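What follows is a single structure, written as structure tokens, with notes after it.
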Amino acid sequence: MEELKRITVKSWLKIFSIISLLDIALIWLLYYSLKHTKFNSLYIFYSFSFIFILLNLVYIRSVVKKLIQPLKFLWQTIAHLNQNSTVEKPDFNKLKTAKDLTINLADQIIQLFTIQQDKTKEQDQKSNGLNNNTVIKNIPVPFLILDNNENVLFANEALGKYIGMQTADIVNKNFYMIMDMSFPSEDTFDVWLKDSKQNTATSIKSWERVRLAVRDNHPVRLFDLAAYYNKDNPQNQTTLIILFDHTKQYMQDDQAISFVALGVHELRTPLTLLRGYVEALKEDLNNEQIDNQQVQSFLTKMDASAKQMTSFVNNILNVARIDNDQLELNLQSEDWPKIISDSVEAMRLRAKIRGIEITLDVAPDLPKVGVDRISIYEVISNLIDNAIKYSGQAKTINVKTYLNSEGLVETCVQDYGVGINENIMSNLFTKYYRDHNNRAQIGGTGLGLYLSKAIISAHDGNIWVTSKIGKGSNFYFTLVPFDKLNKEIKNTSSEEIVTTAHGWIKNHSLYRR
Amino acid sequence: MADSKNKRILIIEDEFLIGELYARALEKEGYQAELIIDGAEALKKAQTNEYDIILLDLMLPNLDGVEILKTLRNPELTPGFKAKVIITTNIEERKEIKKAIEKEADGYVIKADITPSELVSLVNSVNQ
């Protein structure tokens with residue numbers, strides 16, 4: 001910084017040397033005039049002296065003025081940076097302070113640099129040089145160190161990556177501002193830290209299933225957290241925090257938990273009805289108020305409830321089979337109009353309870369299809385069940401089946417209900433997927449469409465959907481006519497044993513796995 | 001013995017058959033029961049303050065039970081609301097939601113755990 005002072009002095013010397021040169025030139029001119037003139041030499045000497053002094057003054061003034069303006073701005077900038085400055089503010093109105101200003105400026109700059117150096121030193125001491133240690137910085141487990149005021153002293157690269165921030169943006173910030181965490185119980189990190197600070201010198205603790213609040217588009221983070229507190233740690237490094245990522249595992253657990261909760265609802269509903277009707281029938285019998293028609297109606301509804309439970313159990317079982325690659329289909333040549341009308345008939349009561357009519361439109365002369373009767377029934381009942389659940393105020397569901405332009409038997413289940421948002425269409429056939437908007441209002445486990453797609457794919461068919469919000473949805477699936485399927489499979493399969501729910505049979509037609 | 005004469009009960013239940021069974025059992029006991037399926041319509045009805053007891057399911061089309069309960073218990077949204085509210089559900093709710101419901105409701109029951117006559121006893125005990 002002494003250099004700065006030297007340079008400043010140097011530039012002043014330069015200015016004075018220019019002035020001196022000018023003065024020497026004038027003196028020389030005066031000497032020349034005095035030697036060769038015919039006028040009174042004293043007169044000339046006075047005139048020259050006057051011009052000499054005037055020129056010097058004007059020159060110095062203009063130079064100083066020019067110098068002081070940028071210096072003033074510079075001084076103000078430096079003073080702004082160096083707010084804790086102890087250097088006195090100069091009086092800008094006095095020109096003679098130009099030199100003082102320059103010296104003052106130099107002092108300011110020196111002070112600013114010294115403070116900055118101290119700060120860097122302090123920072124290094126605080127983090128004990130962690131910021132410069134590449135091995136520690138690159139430890140692949142996310143961790144950070146806090147000072148006694150919960151400010152971040154150090155965060156490694158893995159932590160930055162994990163929470164989606166630059167480490168430079170994390171250091172020196174308040175920990176709770178950087179990481180907004182939610183804990184599964186009231187036993188949280190901040191409670192522990194507060195308690196540790198008040199009551200202990202050193203403490204260690206861990207938490208499971210901590211969730212980081214989602215910021216912008218950063219993905220969900222679920223982890224275990226371990227923390228170590230020691231108030232006597234050197235350089236104010238009081239708290240060490242380590243994160244152990246379990247996002248994938250915990251997300252799967254969450255899905256499984258919510259599946260159990262939703263599954264419980266699906267089973268409890270028909271169970272409630274069965275218990276209700278059993279009680280009603282018992283009461284009627286005890287009071288000898290037997291109304292045959294009513295008994296008949298109760299029994300029909302009980303049957304429907306029991307069937308609902310059966311199909312739910314089958315759904316779960318089939319999903320387990322699909323997941324373990326154990327789904328077995330016994331493809332037979334079947335009369336499709338018969339299967340579809342039986343299936344629709346079985347769903348009519350469920351629809352009627354909600355005031356919904358199902359219409360069935362079957363094209364004539366449909367070829368026989370190769371289907372597994374039990375599995376395909378699951379598909380139709382899942383699609384109609386969805387149509388009922390998502391019908392909203394609409395009172396009609398149409399089921400149509402016809403031969404499409406590719407020679408496949410196509411079936412469409414159409415509702416006029418709430419419809420499906422375009423951006424979630426691609427997720428519909430994913431396991432456990434349910435529309436967020438309707439979760440609190442419509443029951444279901446998120447298995448129906450996943451299962452339907454797997455079954456239809458195993459039949460060599462296709463399943464897809466078209467929909468409009470507020471107008472309703474159309475679910476389509478195709479089945480291959482038996483003749484076509486027969487040709488395809490004859491080439492590949494030999495006689496195999498097919499297991500069924502009731503035992504096993506020797507397969508004489510078609511078998512797929 | 002609770003007086004069930006002229007007491008009006010609103011059954012908000014999206015499974016029509018369950019609602020029908022409950023209405024049948026309550027009417028036998030002397031209550032006047034009314035059944036409604038749609039959540040949004042149910043809220044409008046409940047806000048008329050014409051009912052003494054409300055049986056409220058949680059999973060409902062158009063407006064869910066938790067929202068209905070919050071609206072009914074908010075004096076700015078439903079002035080003069082005095083009815084007793086019993087939650088009847090088959091959902092296994094999360095802890096936080098259960099706690100919130102505990103504060104606002106007069107009763108909470110899992111439908112599959114009780115028969116219609118047990119529900120009637122529950123309503124009788126609330127109606128005292």
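Just so it is clear, the structure is predicted and the values come from calculations on it, not from any experiment. Quick note on labels: first sequence line is chain A, next is B, and so on, each numbered from 1. We use all heavy atoms of the structure for the numbers below, so side chains are in, but hydrogens, waters and symmetry mates are not.
Contacts of B/E67 with chain A are absent, with no heavy-atom separation under 4.5 Å from either backbone or side chain. Both the backbone and the side chain of A/Y277 come within less than 4.5 Å of a heavy atom in chain B. Using a 4.5 Å cut-off between heavy atoms, B/I110 touches chain A through its side chain atoms alone. For chain A, no part of B/E13 is nearby; none of its heavy atoms comes within less than 4.5 Å. Heavy-atom distances place both the backbone and the side chain of B/L17 under 4.5 Å from chain A.
The pair B/D57-A/R268 does not count as a salt bridge, with every side-chain nitrogen at least 4.0 angstrom from each carboxylate oxygen.
Within a 6.0 Å sphere centred on CD of A/Q249, heavy atoms belonging to other residues, nucleotides or ligands number more than 12. Heavy-atom contacts from other residues, nucleotides or ligands closer than 6.0 Å to CZ of A/R211 number 12 or fewer. Other residues, nucleotides and ligands place more than 12 heavy atoms under 6.0 Å from the CD atom of B/E118. In the displayed structure, A/K395 atom NZ is contacted under 6.0 Å by more than 12 heavy atoms of other residues, nucleotides or ligands.
Looking at heavy atoms from C-beta onward, A/T272 lies in side-chain contact with B/Y22 at the 4.5 angstrom threshold. Within the 4.5 Å cutoff, the side chain of A/H265 has no heavy atoms near those of the B/E92 side chain.
Taking CG from A/L273 and CD1 from B/I18, the interatomic distance works out to 4.5 Å, rounded to the nearest 0.5 Å.
Every residue two or more places apart in sequence or in another chain was checked for a ring pair (Phe, Tyr, Trp, His ring centres under 6.0 Å) with A/F475, and none qualifies.
Closest of all the heavy-atom pairs between B/P116 and A/G276 is CD-CA, 3.6 Å.
Most heavy-atom pairs under 4.5 Å with chain B: of the set A/E283, A/Q393, A/K301, A/R275, this distinction falls to A/R275.
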